[in-house]
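Written below as C-alpha cells is the structure these notes are about.
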Number of protein chains: 2
Amino acid sequence: MPHRSYDQYCSVARALDVVGERWALLIVRELLAGPRRYTDLHADLPGVSTDVLASRLKDLERDGLAVRRRLTRSGATYVYELTPRGRGLLPVLAALADWGTPALEERRPTDAVRAHWLAIPLLQRLAPLTGPHTGTVGVQLDEGAFHLRFDESGPGYGDGPAEQPDARLTLSAATCLEVTRGTLALARGVKEGRIELDGSGPLADALAER
Amino acid sequence: MPHRSYDQYCSVARALDVVGERWALLIVRELLAGPRRYTDLHADLPGVSTDVLASRLKDLERDGLAVRRRLTRSGATYVYELTPRGRGLLPVLAALADWGTPALEERRPTDAVRAHWLAIPLLQRLAPLTGPHTGTVGVQLDEGAFHLRFDESGPGYGDGPAEQPDARLTLSAATCLEVTRGTLALARGVKEGRIELDGSGPLADALAER
DNA sequence: CGGCATCCGTGACGATACTG
DNA sequence: CAGTATCGTCACGGATGCCG
C-alpha cells in the first residue's frame, strides 16, 4: 500500500490502495511468470524508471505480496518472488486481460512485446477446454516461449519453455491472438497447419478436440 | 485512455491504459450502481478533486465507457451512464473486490462508507446461490439501501431500494460483511435473527436454503 | 446551484547519473 | 548487478471563481 489511500471502507478501494498505483499490476504480471531479478524486471518493463521499480518492489514486499530471496545459497544476487497472496491477483489480471483483449487489435509501432504477455489471455481461453485434466502446456512463439500450468492448485503460467510438457503448441503470435479472441478454434488452426500441436495424453487430446 | 500509455502489446497493459489511472475504476464502481450526476459522484467519492473528476469523466466518454445524457428531456442537468463496454468492467471490479475483502477487516476512523460499496462483494457471494433463478434482491442496511439483479444478461446492482424486489434482506453492515467473507451462511444468519429475509418465490427460497 | 475551469502547492513520476 | 541520488516535469488535491 502506498502512503496514499482512498480511505474508503470498500473492498475494491482497499485492493486499489495496494495495487492501484502505476506499474504495480504489471510488475505482478511479470512475477506471475516466475521469480525475477531486478534487472530482468527492468528489462521487461520498458519505460519504468529505476526508482519507481525499486519503490514498487518495496511496497510489494511490505504488503506481503512478494519476498526478496537470495537466488543461490550464499550468492549476491536476489530474486523477487510472489507469495500466495500475490499469486491471488491472477484472477484480477485475468479479468483485466479479458476486458483489454478487444483493444489489442492494432499493434502500434511503439509497443513492446514479450511472449509471456500472451500467457494470461491464452490461459483464460484454454482453461475451459482442459476440463479436469492437469498438466503443462508449452507454447512456442517466434518471439519466445512460455508455458501454462493446469493443476489442482489452479491455473498458472511461467516464462520460458516447460521442462516436461504434456502438450506443446507451436504457432505465431498473430495466430495465438486469434485463438485468444475466440475467432480461431484450436482444432481448426491445427487442421489448417497454422498450429502445431504435439504431445499425447489426456491434456493434449482435450486440446485437440476443440 | 489517458495521454500516457504503457506502450505494451499486452491486453492487461491495454486495459490499464484505459482504467489504470487514479479514481478511474472507483468512478466506474459508482456508475455501475446506475446513472449519476457530477455532483453525486463528487459527493460519493470523498477526496477526488473537481478537475480530476471532470477529466476522468471526459476520458470515460472519449473511450466509449460512458455517455453524458440529459437527465430529463430538455433539462439542464446531465447524468453519466455506462455503456455496455463500461459495464463489462464488472468482472474486473468483482475480482478486485474478492482479492480486497480480506483487507477490509479493520475499519479505520478515516474511512468513508456507502451502502452500495458492499454490493459487489455480496453479489459475488450470492451469485452461486441463486442458480438459474432470476430476479432482484433488495438489501437494506442501516447506512442505506441497494439492490442486486440476477438476470440472463448477467449480474448487476443498483443504488437505492428496488422497485419490486423478489427478495428483501435486512441486516447490518457488519453482518453483511460476514456473509460476504463466507464466515456466516445466509440461512444461519436468518435463524439467529441477525438477517431478515422477506419475499416468496424461487429466488427467495434459493437464498433461504443456503 | 450544478458543472466545470483556473490557479497553486505538493507529491508522484520519468530520465539520467552515480555508487556499493 | 542492484539499486540510490538528483532533478525536471507532470499529475494530483484543495480552494476559488465563473457561467449557465
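Proteins come first, then strands; the chains are lettered A, B, ... in the order of their sequence lines, and each starts at number 1.
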What is the distance, to the nearest angstrom, from the [atom1] atom on [X] to the [atom2] atom on [N]?
{"X": "Glu21(B)", "N": "dC13(C)", "atom1": "CD", "atom2": "C1'", "result": "12 Å"}
{"X": "Ile27(B)", "N": "dC12(D)", "atom1": "CD1", "atom2": "C1'", "result": "13 Å"}
{"X": "Glu61(A)", "N": "dA2(D)", "atom1": "CD", "atom2": "C1'", "result": "13 Å"}
{"X": "Leu16(A)", "N": "dC12(D)", "atom1": "CG", "atom2": "P", "result": "14 Å"}
{"X": "Asp7(B)", "N": "dC13(C)", "atom1": "CG", "atom2": "P", "result": "17 Å"}

Numerically ordered, the residues 40-57 of chain A set in heavy-atom contact under 4.0 Å with DNA chain C is Gly47(A), Ser49(A), Thr50(A), Asp51(A), Val52(A), Arg56(A)
Can we say Asp111(A) and Arg14(B) salt-bridge, meaning some charged N sits less than 4.0 Å from an Asp/Glu carboxylate O? yes
So does Arg114(A) pair up with Glu30(A), basic N to acidic O under 4.0 Å? no
Among [options], which nucleotide sits nearest the side chain of [X]?
{"X": "Tyr80(B)", "options": "dC4(C), dA11(D), dA2(D)", "value": "dC4(C)"}
{"X": "Arg4(B)", "options": "dG14(C), dT4(D), dC12(D)", "value": "dG14(C)"}
{"X": "Tyr38(B)", "options": "dG2(C), dA2(D), dC4(C)", "value": "dC4(C)"}

So, OP1 or OP2 of [N]: does either fall under 4.0 Å of a side-chain N or O from [X]?
{"X": "Thr39(B)", "N": "dG3(C)", "answer": "yes"}
{"X": "Trp23(A)", "N": "dG14(C)", "answer": "yes"}
{"X": "Lys58(B)", "N": "dG3(C)", "answer": "no"}
{"X": "Arg68(A)", "N": "dG3(D)", "answer": "yes"}

Close side-chain approach of Arg87(B) to Val28(B), heavy-atom, < 4.5 Å: no
Would you say that Glu81(A) contacts Arg36(A) through its side chain, given a criterion of any heavy-atom pair below 4.5 Å between the two side chains? no
Is a side-chain N or O of Asp98(A) found less than 3.5 angstrom from the main chain of Ala95(A), in a donor-acceptor match? no
Using modelled atom types only, decide if a donor and an acceptor are shared between the side chain of Asp17(A) and the backbone of Tyr6(A) within a distance under 3.5 Å. yes
Is the count of non-hydrogen atoms from other residues, nucleotides or ligands lying under 6.0 Å from Gln164(A) atom CD greater than 12? no
Nearest-nucleotide check on DNA chain D, Arg22(B) vs Arg37(A); residue mapping nearer the 5' end is Arg37(A)
